[in-house]
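Note that ligands are numbered from 1 as they come in the structure, with each ligand's atoms numbered from 1 the same way.
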Amino acid sequence: MSNDHLVIFDTTLRDGEQSPGASMTKDEKVRIAKHLEKMKVDVIEAGFAIASPGDFDAVKAVADSVKDSTVCSLSRALDADIERAAEALAGANSGRIHTFIATSPIHMQYKLQMQPEQVIEQAVRAVKKARSLISDVEFSCEDAGRSEIDFLCRIIEAAIDAGATTINIPDTVGYAIPDQFAETIRQLLNRIPNADKAIFSVHCHNDLGLAVANSLAAVQAGARQVECTINGLGERAGNASLEEVVMGIRTRPDIFTVQTRIEPLHIVPTSRLVSTVTGFPVQPNKAIVGKNAFAHESGIHQDGVLKHRETYEIMKAQDVGWNTNAIVLGKHSGRNAFRSRLTDLGISFDSEAELNHAFALFKQLADKKHEIYDEDLQALVSDSRVTNAVERYRLETLEVQSKTGETPLAKVVLSVDGQEVAAESEGSGPVDATFKAIEKIVNSDTVLELYSVNAITSGTDSQGEVTVRLDKAGRLVTGLGADTDIVIASAKAYVHALNALVSQVERKHPQGAAV
Ligand code: KIV
Ligand code: ZN
């Protein structure tokens with residue numbers, strides 16, 4: 001690979017999924033991976049194969065369906081983890097095992113309870129084991145941001161000798177500052193005798209809001225892989241955001257001597273998909289993918305942009321996939337127009353039955369809302385996938401009475417394992433009454449952590465997209481629902497979250513579990 005190619009390693013499906021409440025199903029992971037492949041992401045980290053049978057299946061499904069990107073699985077520096085990763089990646093066109101062990105004094109002493117020499121030994125053993133199973137092996141020094149530089153030099157030299165082809169320097173706790181982090185990368189590249197035998201990578205967390213700045217500083221110092229996520233999703237404050245890293249490199253060729261393969265046109269649709277799947281809305285002022293990223297409110301700015309776009313814009317909204325918000329479909333649109341517009345949005349169906357189900361929902365929506373936008377279609381498809389999935393609970397009917405001066409009342413019929421059950425409840429508002437009625441049936445023993453409503457487009461006939469997050473003894477699940485009636489959207493989202501609760505199996509956390 002040429003020295004001016006910057007490898008984009010996306011870890012939305014692994015580190016991104018470690019955001020509390022952001023877990024994804026196998027099908028959702030495959031759908032996102034297909035978008036990342038189309039965007040020309042070089043490496044897709046699909047999960048942590050040993051974490052649970054569900055994680056294994058998801059890594060395997062991504063490895064089996066993605067052909068143009070390398071698919072990677074995380075593994076601790078343990079034989080069983082590495083074997084499980086290799087097994088999940090067996091069907092990949094190009095697979096990578098990513099193995100890691102902590103290298104900072106605080107992690108070695110308190111978490112691993114190992115001496116530095118033992119850590120080096122275990123790292124070397126793990127890299128050799130991985131290389132015996134696959135040719136593309138990445139080794140990460142967890143908490144490198146707080147590790148001693150002399151120790152990093154020793155362990156990295158040994159890992160490269162053992163066969164690591166990529167060396168990743170994670171700022172696991174988001175502690176680094178750009179100049180200092182760049183200096184660490186420079187020193188590693190200069191001091192490690194066999195540094196030229198591997199690609200150096202960075203993986204920055206955003207605890208101080210510096211993940212992208214640190215990643216870009218590292219690129220200037222010689223790093224040639226950046227690990228990042230769509231919308232900056234990730235553990236705690238998240239990871240470096242892919243869209244910001246990629247557009248930073250692209251917009252400032254006067255500063256950066258590297259290029260990525262990324263096709264930015266896919267950035268906004270992929271951001272929306274990740275937001276819909278996880279239920280994490282994108283903040284309006286988020287760079288590149290936020291609703292306001294290209295909106296000019298002040299008269300002076302609007303005037304400037306109309307006269308000459310570059311007065312206030314350094315990128316073109318269309319280049320990163322923002323469309324003009326045109327009306328795309330309506331009540332009279334047929335199945336072919338529906339399918340063709342979805343194909344343009346990068347959405348495909350696994351079966352005709354799935355397409356038919358989504359098309360039926362489209363017709364229902366078009367009856368209620370005459371102008372259908374791309375955003376409506378995206379919400380509708382995700383809703384159709386929710387309602388088409390195997391469910392324990394299904395919302396059959398909902399009737400709500402709400403009148404000034406009276407307490408709202410909701411009557412709900414759910415099907416539970418195929419049996420219809422009815423309940424009614426009052427509440428402080430129609431949504432509260434609906435959730436209480438559902439709870440009378442389900443008794444989920446959960447706490448409502450988050451309830452949010454987003455208007456998908458503007459106008460009073462807009463669909464409301466509702467996100468519900470439930471907490472059951474520390475385990476978070478997210479549910480989504482879309483409808484032009486926000487109480488129905490809320491009920492759908494609540495039921496979706498309840499289904500997620502019953503369908504999930506417990507998983508290990510990569511950094512939480514002792515090595
Ligand atoms: O933040 C981190 O250190 C990680 C490693 C497993 C690469 O996610
Ligand atoms: Zn991380």
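- At a heavy-atom cutoff of 4.0 Å, ligand 1 is contacted by no atom of Glu227, backbone or side chain.
- Glu465 and Gln463 share no donor-acceptor pair across their side chains, judged by distance under 3.5 Å alone.
- Angle subtended at the Zn ion (ligand 2) by His203 NE2 and His205 NE2: 100°, rounded to 10 degrees.
- In the vicinity of His205, heavy-atom distances shorter than 4.0 Å reach the ligand 1 atoms 1 (O).
- A salt bridge is defined here as a Lys NZ or Arg NE, NH1 or NH2 lying under 4.0 Å from an Asp or Glu carboxylate O, and Glu157 with Arg191 fails to meet this definition.
- Judged by distance alone, the side chains of Asp4 and Thr257 never bring a donor and an acceptor atom under 3.5 Å apart.
- For Asp15, the N, O or S atom closest to the Zn ion (ligand 2) goes by the atom name OD2.
- Among all protein heavy atoms, the one lying closest to atom 2 (C) of ligand 1 is Gln511 NE2, 3.0 Å.
- Between His203 and ligand 1, an N or O atom pair is found at a separation short of 3.5 Å.
- Each of the following atoms of ligand 1 lies closer than 4.0 Å to a heavy atom of Asp15: 8 (O).
- At a cut-off of 3.5 Å, with distance as the only test, a side-chain donor of Thr103 or Ser147 sits close to an acceptor on the other residue.
- A donor atom on one side chain and an acceptor atom on the other are found under 3.5 Å apart for Tyr451 and Ser490.
- Remark: ligand 1 atoms within the under-4.0 Å shell around heavy atoms of Ser140 are 7 (C).
- Checking Asp143 against Thr172 by side-chain atom types alone, no donor-acceptor pair falls below 3.5 Å.
- A side-chain donor from one of Ser140 and Asn168 sits under 3.5 Å from a side-chain acceptor of the other.
- Among Glu235, Arg14, Glu142, the residue whose heavy atom sits closest to atom 8 (O) of ligand 1 is Arg14.
- The nearest protein atom to atom 3 (O) of ligand 1, hydrogens excluded, is given as Thr172 OG1, 2.6 Å; this is a heavy-atom distance.
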